[in-house]
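Here is the structure we will look at, set down as structure tokens.
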Number of protein chains: 2
Amino acid sequence: MRTHTHERTNRSSSPTAAPVDRGVYSISVTAELSGVGPQTLRLYERRGLLDPDRTGGGTRRYSRDDLERLRRITELVELGVNLTGVREILTLEDQQSALRAEIAQLSHSSPGPSGR
Amino acid sequence: MRTHTHERTNRSSSPTAAPVDRGVYSISVTAELSGVGPQTLRLYERRGLLDPDRTGGGTRRYSRDDLERLRRITELVELGVNLTGVREILTLEDQQSALRAEIAQLSHSSPGPSGR
DNA sequence: CGTGTAAGGAATTCTGACACG
DNA sequence: CGTGTAAGGAATTCTGACACG
């Protein structure tokens, strides 16, 4: 997981997870940036892989975070994983990063034997 | 037809992972116990989902652990995950149990705020 | 530009059959 | 009983097209 936030960042208030990552890209821009096609993006959403924001009018707004997630989806699909599998994997990976964060915090007080 | 073996007889010596779990079931017995069919078991192996022991003559020997893993595989396949996805998921789940074990050990010295 | 749904080609998963030890 | 491989039906994934706001 790489964070490429150069400028344009949120050094405003919260330093950790940024809920400031509002959706800004339309479906057509997202399709162009990702190479994934609008219909496919809608399909991913119906399958529970993505959940972009919506404007009051119902238009999808994809965030930077959504784009990163989409990159991972594309990776897995190219690997040959079907959409149901991708959904499970993303869930597991989300859990994993939570677990790793917990370990990092616990290690703060007592440095462990550096697993892995 | 699912067999709910609630026996859970593993009170031998080591309480955690038992490397004593030698392969004992032939492919036909494993097929019968799991309802998975011999050709499918071989396919799972080629796809990297299972890696049963082999006798000197090359005959597969499935362990209790393999059976448990197979149950999980069946679960995921029935859920609609394809075999490539199942492989990735099993890898992630193996990593997860390692991470959880690490957390459990770290928590021994300093009890955390009960995550999850 | 956005929304959604129904049709069809390409690829995948799995089984039953074959040949052999 | 075990080993392996090639053939074919069923289901899935994705795209281009349609109709509409």
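A note on names: the letters A, B, ... follow the listed sequences, proteins ahead of strands, and every chain is numbered from 1.
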Looking at B:Thr55, is its backbone amide N or carbonyl O close enough to the side chain of B:Thr59 to form a donor-acceptor pair, meaning the two atoms are under 3.5 Å apart?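 The answer is no, because no donor-acceptor pair under 3.5 Å joins these two groups.
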So, B:Asn82 side chain and A:Gly80 main chain: donor-acceptor pair closer than 3.5 Å or not?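 Checked: pair present.
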Under 4.0 Å between a side-chain N/O of [X] and OP1 or OP2 of [N], yes or no?
{"X": "B:Thr59", "N": "D:dT3", "answer": "no"}
{"X": "B:Asn82", "N": "C:dT12", "answer": "no"}
{"X": "A:Ser26", "N": "C:dC1", "answer": "no"}

Residues [X], [Y]: salt bridge by 4.0 Å N-O rule:
{"X": "B:Glu75", "Y": "B:Arg72", "result": "yes"}
{"X": "A:Arg69", "Y": "A:Asp94", "result": "yes"}
{"X": "A:Arg54", "Y": "A:Glu45", "result": "yes"}

Between [options], which one does the side chain of [X] approach most closely?
{"X": "A:Ser28", "options": "C:dC14, D:dG2, C:dC1", "result": "C:dC1"}
{"X": "A:Val77", "options": "D:dT13, D:dC14, C:dC14", "result": "D:dC14"}
{"X": "B:Tyr44", "options": "C:dT13, D:dC14, C:dC14", "result": "C:dC14"}

Contact class for B:Arg61 (heavy atom, under 4.0 Å): base, sugar-phosphate, or nothing?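 No contact at all - B:Arg61 keeps every heavy atom at 4.0 Å or more from the nucleic acid.
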Show the distances under 3.5 angstrom between N or O atoms of the protein and N or O atoms of nucleotides 19-21 of chain C.
none

In whole angstrom, what separates [X]'s [atom1] from [N]'s [atom2]?
{"X": "A:Glu78", "N": "D:dT13", "atom1": "CD", "atom2": "P", "result": "16 Å"}
{"X": "A:Leu49", "N": "D:dC14", "atom1": "CG", "atom2": "C1'", "result": "14 Å"}
{"X": "B:Tyr25", "N": "D:dC1", "atom1": "OH", "atom2": "P", "result": "19 Å"}
{"X": "B:Leu43", "N": "D:dT3", "atom1": "CG", "atom2": "C1'", "result": "15 Å"}
{"X": "A:Glu45", "N": "C:dG2", "atom1": "CD", "atom2": "P", "result": "13 Å"}
{"X": "A:Leu83", "N": "C:dT12", "atom1": "CG", "atom2": "C1'", "result": "13 Å"}
{"X": "B:Ile73", "N": "C:dC14", "atom1": "CD1", "atom2": "C1'", "result": "15 Å"}

Does one hydrophobic cluster hold both B:Leu79 and A:Tyr44, with members joined at side-chain heavy-atom distances below 4.5 Å?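 In one cluster: no.
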Identify each atom pair where a protein N or O and an N or O of nucleotides 4-10 of chain D are less than 3.5 Å apart, giving names and distance.
unit_1, atom_1, unit_2, atom_2, d
D:dG4, OP2, B:Arg60, NH1, 3.1
D:dG4, OP2, B:Arg60, NH2, 3.0

Report the distance from atom [atom1] of [X] to atom [atom2] of [Y], rounding to the nearest 0.5 Å.
{"X": "B:Gln96", "Y": "A:Glu93", "atom1": "CD", "atom2": "CD", "result": "10.0 Å"}
{"X": "A:Tyr62", "Y": "A:Leu33", "atom1": "OH", "atom2": "CG", "result": "12.0 Å"}
{"X": "B:Leu70", "Y": "B:Asp65", "atom1": "CG", "atom2": "CG", "result": "11.5 Å"}
{"X": "B:Ser107", "Y": "A:Leu106", "atom1": "OG", "atom2": "CG", "result": "5.0 Å"}
{"X": "B:Ile73", "Y": "B:Arg47", "atom1": "CD1", "atom2": "CZ", "result": "12.0 Å"}
{"X": "A:Leu49", "Y": "A:Leu83", "atom1": "CG", "atom2": "CG", "result": "5.5 Å"}

Hey, where does DNA chain C pair up into stems, meaning at least three consecutive Watson-Crick or G-U pairs with distances under 3.5 Å?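 DNA chain C stems, ordered by first number: C:1-5 with D:17-21, C:17-21 with D:1-5.
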